[in-house]
Novice: 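Sharing a structure here in structure tokens format.
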Amino acid sequence: MKPYQQKFIEQAIQVEALCFGEFTLKSGRVSPYFFNAGKFASGGSLSALSRCYADAIVDSGLEFDVLFGPAYKGIPLAAATACALAEHHGRDLPFVYNRKEAKDHGEGGVLVGGPLKGRVLIIDDVITAGTAIREAIAMIEGAGAEVAGVAIGLDRQERGQGARSAIQELEAEQGLQVVSIVGLENIVQYLHNNREDKELLNKITAYREQYAV
Ligand code: OMP
């Protein structure tokens with residue numbers, strides 16, 4: 001595992017963004033784990049998280065001009081990742097995000113922040129069916145910009161509607177590169193190395209057998 005992957009999992013467990021138990025997902029699947037990026041709710045934890053995003057993005061070699069954070073959870077992630085890219089990688093890039101409700105006064109519109117133009121990298125927490133990401137893609141293309149890729153924290157590596165995962169569908173249909181800090185396989189590896197919890201690993205294995213791509 002790369003250092004930023006190990007760090008991401010440790011931090012996520014520490015702030016309880018990564019939880020183990022029984023969780024019903026949007027898809028109706030009952031999962032033995034859940035990732036909630038909203039738990040990175042302090043300056044220190046968000047700063048550490050954004051450093052993992054920045055490291056994974058730079059490691060991927062993806063080229064882009066601006067970061068886009070879809071409302072709501074993508075907003076602090078894009079802002080903090082832009083800070084981490086500037087501070088730790090010497091790349092000072094603009095970031096932009098959307099409102100869910102268009103503003104009809106003042107500067108108006110749904111977009112806030114840097115110009116939405118050129119190659120855009122979408123920053124979000126997790127992709128399950130890909131609904132939120134598809135909305136962001138429509139918004140970016142509607143503004144005349146090009147989607148360069150998507151960066152997320154966790155790839156659950158599950159089947160979407162068909163035999164492929166939502167991420168594989170996005171990569172194939174839209175020609176996008178999706179960068180994830182970790183996949184479920186990294187979490188399994190971490191649990192193997194750090195926790196004596198056979199029952200949890202068995203539950204995750206059973207879940208993967210049922211839903212993994
Ligand atoms: P899509 O828009 O279908 O890709 O799903 C993203 C949503 O999955 C998020 O907005 C969450 O509500 C949810 N989610 C997580 O945040 N973490 C998980 O580990 C699993 C899910 C989920 O429900 O599948």
Side-chain angles (χ1 to χ4, degrees), residues 5 8-41 45-46 49-50 52-53 56 68-81 97-101 110 120-141 147 149-174 176-191 200-201 203-213:
Q5 295 181 309
F8 174 84
I9 297 172
E10 282 167 1
Q11 285 281 331
I13 290 174
Q14 195 187 324
V15 302
E16 297 177 352
L18 182 59
C19 293
F20 303 102
E22 205 176 280
F23 306 92
T24 303
L25 306 184
K26 224 160 134 180
S27 58
R29 294 174 184 174
V30 179
S31 167
Y33 75 100
F34 193 80
F35 177 67
N36 174 11
K39 290 280 191 174
F40 286 90
S45 64
L46 182 60
L49 173 67
S50 62
C52 297
Y53 271 90
F68 177 78
Y72 293 99
K73 278 192 181 158
I75 297 175
L77 294 176
T81 302
Y97 54 92
N98 65 299
R99 302 177 205 279
K100 290 227 176 184
E101 309 273 330
V110 292
V120 183
L121 176 65
I122 301 170
I123 311 277
D124 214 346
D125 54 352
V126 53
I127 293 180
T128 301
T131 320
I133 293 295
R134 283 175 205 277
E135 282 171 18
I137 292 171
M139 211 177 302
I140 292 163
E141 291 179 345
V147 181
V150 184
I152 53 167
L154 169 67
D155 177 3
R156 294 186 53 100
Q157 300 178 300
E158 286 178 38
R159 274 199 308 276
Q161 303 287 65
R164 290 183 302 183
S165 71
I167 288 181
Q168 287 169 335
E169 281 168 8
L170 279 171
E171 287 180 327
E173 284 165 26
Q174 316 265 347
L176 299 180
Q177 187 177 341
V178 179
V179 178
S180 51
I181 303 173
V182 299
L184 177 57
E185 64 197 355
N186 301 116
I187 293 177
V188 169
Q189 192 187 343
Y190 177 87
L191 292 174
L200 173 60
L201 279 166
K203 279 186 188 158
I204 295 180
T205 304
Y207 185 81
R208 282 179 97 182
E209 275 166 9
Q210 201 169 357
Y211 299 117
V213 282

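Positions are given from 1, in the same order as the sequence printed here. Start at 1 and go down the list; that is how both ligands and their atoms are numbered.
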Novice: Do any nitrogen or oxygen atoms of A132 come within less than 3.5 Å of a nitrogen or oxygen of ligand 1?
Specialist: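 Yes, at least one N or O pair falls under 3.5 Å.
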Novice: Supply the atom-to-atom distance F40 CZ to L77 CG, rounded to the nearest 0.5 angstrom.
Specialist: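 The distance works out to 9.0 Å.
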Novice: Report yes or no: does N36 have a heavy atom closer than 4.0 Å to ligand 1?
Specialist: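 N36 does not count as a contact of ligand 1 under the 4.0 Å cut-off.
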Novice: If the cut-off is 4.0 Å to any non-hydrogen atom of K26, which atoms of ligand 1 fall inside it?
Specialist: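 That gives atoms 1 (P), 2 (O), 3 (O), 5 (O), 6 (C), 7 (C), 22 (C), 23 (O) of ligand 1.
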Novice: Quiz question for you: does at least one protein heavy atom lie closer than 4.0 Å to atom 11 (C) of ligand 1?
Specialist: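 Protein heavy atoms within 4.0 Å of atom 11 (C) of ligand 1 - there are none.
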Novice: With rounding to the nearest 0.5 Å, note down the distance linking CG in L191 to CG in N186.
Specialist: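 With rounding to 0.5 Å, CG (L191) is 11.0 Å from CG (N186).
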Novice: Does anything in residues 9-24 pair up under side chain to side chain donor-acceptor pair (under 3.5 Å), and if so which pairs, sequence neighbours excluded?
Specialist: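 Listed once each, the pairs are Q6-E10.
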Novice: With heavy-atom distances below 4.0 Å as the criterion, list the atoms of ligand 1 near I127.
Specialist: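 So the answer, numbered in order with elements, is 4 (O).
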Novice: With a cut-off of 4.0 Å, which atoms of ligand 1 are near a heavy atom of V126?
Specialist: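 Result: 6 (C), 15 (C), 16 (O), 17 (N).
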Novice: Looking only at distance, does S27 have an N or O less than 3.5 Å from an N or O of ligand 1?
Specialist: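 S27 vs ligand 1: no N/O contact under 3.5 Å.
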Novice: Give me the nearest non-hydrogen protein atom to atom 3 (O) of ligand 1 as residue plus atom name, then the distance to 0.1 Å.
Specialist: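 Nearest protein contact, heavy atoms only, for atom 3 (O) of ligand 1 is A129 N, 3.0 Å.
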Novice: Can you give me the closest heavy-atom contact between K73 and G38, atom names plus distance?
Specialist: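 Smallest heavy-atom distance, with atoms named: CE-N, 4.0 Å.
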Novice: Please determine if R134 and E173 form a salt bridge, counting it only when a charged side-chain N lies under 4.0 Å from a carboxylate O.
Specialist: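 Judged by the 4.0 Å cut-off on N to carboxylate O distance, R134 and E173 do form a salt bridge.
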Novice: Would R29 and F23 count as a cation-pi pair here, with the cationic atom under 6.0 angstrom from the ring centre and within 45° of the axis?
Specialist: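 No, a cation-pi geometry is absent between R29 and F23.
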Novice: Atoms of ligand 1 less than 4.0 Å from L25 heavy atoms?
Specialist: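 Here the atoms of ligand 1 in question are 20 (C), 22 (C), 23 (O), 24 (O).
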Novice: Counting non-hydrogen protein atoms only, what is the nearest one to atom 22 (C) of ligand 1? Give residue, atom name and distance.
Specialist: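 Its nearest protein heavy-atom neighbour is T128 OG1, 3.4 Å.
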Novice: Taking atom 21 (C) of ligand 1 as the point of reference, which of F23, Y33, F35, F34 owns the nearest heavy atom?
Specialist: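 That would be F34.
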Novice: To the nearest 0.1 Å, how far is atom 19 (O) of ligand 1 from its closest protein heavy atom, and which atom is that?
Specialist: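 Of every protein heavy atom, R156 NH1, 2.7 Å lies nearest to atom 19 (O) of ligand 1.
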Novice: Between R99 and E101, is the closest basic N to carboxylate O distance under 4.0 Å?
Specialist: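 So E101 does not pair with R99 through a salt bridge.
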Novice: For ligand 1, which atoms sit closer than 4.0 Å to a heavy atom of G130?
Specialist: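 Listed by number with element: 1 (P), 3 (O), 4 (O).
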Novice: Using 0.5 Å steps for rounding, measure from the CZ atom of R156 to the OG atom of S31.
Specialist: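 Between R156 CZ and S31 OG, I get 4.0 Å after rounding to 0.5 Å.
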Novice: Could you state the interatomic distance from CZ (F8) to CD1 (I181), rounded to the nearest 0.5 Å?
Specialist: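 So the gap between those two atoms works out to 5.0 Å.
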